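Treat the numbers as computed from the prediction; the structure is a model and nothing was measured.
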Amino acid sequence: MVDKFAASLYGASRGELRLALLDYLLPRTLPLTAQPALDVGGGLGQMSAWLAGRGHVVTLTEPSVEMLARAREALDGTTVRCLQAPLQALPERSPGPWPLIVCHAVLEWLVDPQTAIATLAELLEPGGYLSLMVFNRDALRFSNVIKGNLDKALDDRLAGTGKRQRLTPISPLTHTQVATWLAEQGLIVEHVAGIRVFHDYLREREPDRATLDRLFELERRYCDVEPHWRLGRYLLYSVRKPLVAKNMSESIE
């Protein structure tokens, strides 16, 4: 599905907005100091290229052979290291610990996203930061209602099956789930934003350039403002792992 993924997610305005909002938010919510970075499930390599352009030494991990081949082409000439491996294998294949981890639009494709968060916490060094982006289940429900899929919304049949050529994830997540699982690992959420709070609810699927420019200004202005961020198609978390004292009895803030 690599061609459909590339065309549907990044060959359209929604992909352009997603990357533009990340470019706006990440420098404001993460301490980016050119530290080594792990890009988990890095797909076509957009975030790895963005990080490398800011001076980070990046390791991109991706389980799909086809996706990784596209990423290598796109990243040719950069210092990004590419590794074929699923998230579950990273404690053995690329343990770190890492001062910066990026994991965007990965957890919703896993059968057990809660365990994946525990794995990310293990990979993150004390004092390190995780940029986590997940597909928002509440936004998916709202979108289905707008499209007239009322029975589907009422029955909570929102997740994809993974058996058809569709890009609806098998494990869309709620903010409550993500916040709870992060807290269970002792991780601290420092900032939450919605990615594409308005765009995906427009009647016009591909707005013209002038409309898109105004829409981006709306997205930028309200992406982390209550209650708007809660209906972003994706939820973006800036997460910190506390420094732990040597006696393991207290956290050093």
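Atom CG of Leu120 is separated from atom CD1 of Ile101 by 6.0 Å, given to the nearest 0.5 angstrom. Interatomic distance, CG of Asn149 versus CG of Asp155, reported as 11.5 Å (0.5 Å rounding).
The closest side-chain donor-acceptor pair between Ser143 and Arg233 falls under 3.5 angstrom. Of the N and O atoms on the side chains of Asp138 and Thr174, not one donor lies less than 3.5 Å from an acceptor on the other residue. Side-chain N/O atoms of Glu122 and Gln185 include no donor and acceptor closer than 3.5 Å.
Salt-bridge formation is detected for the pair Glu16/Arg209: a Lys NZ or Arg NE/NH1/NH2 atom is positioned less than 4.0 Å from an Asp or Glu carboxylate oxygen.
Under the 4.5 Å side-chain criterion, counting only non-hydrogen atoms from C-beta, Leu25 is in contact with Leu236. Using a 4.5 Å cut-off on side-chain heavy atoms (C-beta onward), Leu75 and Leu60 make contact. Looking only at side-chain heavy atoms (C-beta outward), Leu124 and Pro97 stay at 4.5 Å or farther from each other. Looking at heavy atoms from C-beta onward, Leu26 lies in side-chain contact with Met47 at the 4.5 angstrom threshold.
Ring centers of Tyr237 and His175: under 6.0 Å apart, within the cut-off. In summary, the aromatic rings of His56 and Trp50 are positioned with their centroids too far apart to meet the 6.0 Å limit.
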Verdict with supporting geometry, Tyr129 and Gln35, side-chain hydrogen bond (donor to acceptor under 3.5 Å, both in side chains): CA-CA 10 Å; Tyr129 277 78; Gln35 65 268 53; over 6 Å; no
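Atom CZ of Phe198 has more than 12 neighbouring heavy atoms from other residues, nucleotides or ligands inside a 6.0 Å radius.
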